[in-house]
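Here is how names work: the chains are called A, B, and so on, in the same order as the sequence lines, proteins then strands, and each is numbered from 1.
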Number of protein chains: 2
Amino acid sequence: MALDRRKMIVEAATKSFSLFGYKATTMDQVAKLANVGKGTIYTFFKNKEELFEEIISSLVKEMIAEAEFVIQPDLPFTENVHRALYRLLEFRSQHQLMIKLVQEEKEMGTLAVAEKLQHVENEIIEYLKGKIDAAITKGAIPAADSEITCFLLLKMYIALVSDWERNHEPLSSEQIAEVMKVFLLKGLV
Amino acid sequence: MALDRRKMIVEAATKSFSLFGYKATTMDQVAKLANVGKGTIYTFFKNKEELFEEIISSLVKEMIAEAEFVIQPDLPFTENVHRALYRLLEFRSQHQLMIKLVQEEKEMGTLAVAEKLQHVENEIIEYLKGKIDAAITKGAIPAADSEITCFLLLKMYIALVSDWERNHEPLSSEQIAEVMKVFLLKGLV
DNA sequence: TAGTTGACCAAAAAACTAAATCAGTCAAAG
DNA sequence: CTTTGACTGATTTAGTTTTTTGGTCAACTA
């Protein structure tokens, strides 16, 4: 039971962050949940924020693995862009920790949380940029500023998946694919 | 001097909302600025929020007049879309009242302010929808769900004009036009 | 002695309370 | 009739006390 203490700490913290958010999670609580003395946590992590950072890193890896899993090399490039982005935002709206963090940022404006969510967004853009740059190199799509393009693509999907829901019925994956196809394939005009 | 009391009240309130925001503006202050007894305000407006609503209505009219002013019927449709949207967001980032309200929403989360900014956004989308529907009817662009399209167009411009600046050097009007041309004219692929 | 612990501390946050402020009213004045 | 500002109850703020929390470290195991 008391074998991998580090792993137990990370699991306990993940559970508590997911349930109560970052600020409302105390180190005493994490220690108790992990069946560990509080001091032990500080032998593995410099402080609460570093523990949080490690969990966010795993989260990013998990998200990118999910996106990677959904890509099929034989499908058209735009189809894969849609699949990857849609999966990433689906993850964001289904994964308990992500839901809680987004909520905490909006409602309490916790600084550490805002920073980490920004970090997640940057990592996603970096991941997309790799894909786009590869497609440009391969000649599959014309050259363009890939950072601005990825940034804009992500914002478009966030708009269609999350922002739209504030005032309308949610759009299905197919509807979103349909709208995006216009912009990705032919342009509006 | 004491002729159009209603106008003086609206002007005083506009000045105060622009300078201090909605919450930090008191009705006593507006009355004093307008050289009017506080009771007089309540003969024209049911309450503070209704006074605010009238000012927001004027703001929307002003914004749409600015967008309208910048449109030139002989230019290509996409060029006019860019001009109108860019002008609307330029207005948002230059007009004192808009700056203050956006700041107040972000920093204090004042409910009435959030509602009114949402209203402004809805009005802009409604205005754009009129333009897009007209272009579809004229056969200038292919048919599509114009509400989703307008919503997405606005979000794209907000992303390029405002969101991008959080982590990067601002993009010039020309750079934004360039990026949008890709999506509007030919599509990414 | 290397790894673990929880009592302990300063600092931050929450809870509480008294004082001040504010939106809206209305009797009196013009 | 219109205009006014003193007035009121509800809300906010400011100041203070109490509680909680992140992080440390001397003592304690195994």
Inset, instruction - Report the C-alpha separation of A:E121 and A:K155 in whole Å, then their side-chain angles, then the decisive distance to 0.1 Å, and conclude whether the salt bridge (Lys or Arg N to Asp or Glu O under 4.0 Å) test is met. - result: CA-CA 10 Å; A:E121 187 175 308; A:K155 292 292 178 181; 3.5 Å; yes

Inset, instruction - Could you please spell out the steps behind the ring-ring contact (aromatic ring centres under 6.0 Å, His included) verdict for B:F52 and B:F17? - result: CA-CA 9 Å; B:F52 188 33; B:F17 288 153; 5.2 Å; yes

Can you tell me how far [atom2] of [N] sits from [atom1] of [X], to the nearest Å?
{"X": "A:M8", "N": "C:dT4", "atom1": "CE", "atom2": "P", "answer": "13 Å"}
{"X": "B:M108", "N": "D:dT12", "atom1": "CE", "atom2": "P", "answer": "11 Å"}
{"X": "A:R6", "N": "C:dG3", "atom1": "CZ", "atom2": "C1'", "answer": "16 Å"}
{"X": "A:F52", "N": "D:dG22", "atom1": "CZ", "atom2": "P", "answer": "13 Å"}
{"X": "A:F45", "N": "C:dG3", "atom1": "CZ", "atom2": "P", "answer": "16 Å"}

Legend entry - Distance under 6.0 Å and angle within 45° of ring axis: A:K48 vs A:Y22: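 The answer is yes, since A:K48 meets both limits relative to A:Y22.
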
Inset, instruction - Would you mind telling me which of A:T78, A:I132, A:V81 makes a side-chain contact (heavy atoms from CB on, under 4.5 Å) with A:I141? - result: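 Looking at A:T78, A:I132, A:V81, the match for A:I141 under the side-chain contact (heavy atoms from CB on, under 4.5 Å) is A:I132.
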
Legend entry - Single hit among B:L128, B:L59, B:V60, B:I56 for side-chain contact (heavy atoms from CB on, under 4.5 Å) with B:E123: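 Exactly one option meets the side-chain contact (heavy atoms from CB on, under 4.5 Å) with B:E123, and it is B:V60.
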
Legend entry - Passing option when A:E68 is tested against A:R87, A:K131, A:K61 for salt bridge (charged side-chain N to carboxylate O under 4.0 Å, His left out):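 Passing option: A:K131.
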
Inset, instruction - Sugar-phosphate means primed atoms, P, OP1 and OP2; the rest is base. With that split, encode nucleotides 23-30 of chain C 5' to 3' as B, S or - using protein heavy atoms under 4.0 Å. - result: BBB-----

Inset, instruction - Ignoring backbone atoms, test whether B:T40 places a side-chain nitrogen or oxygen under 4.0 Å from the OP1 or OP2 oxygen of D:dT4. - result: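 Yes, within the criterion.
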
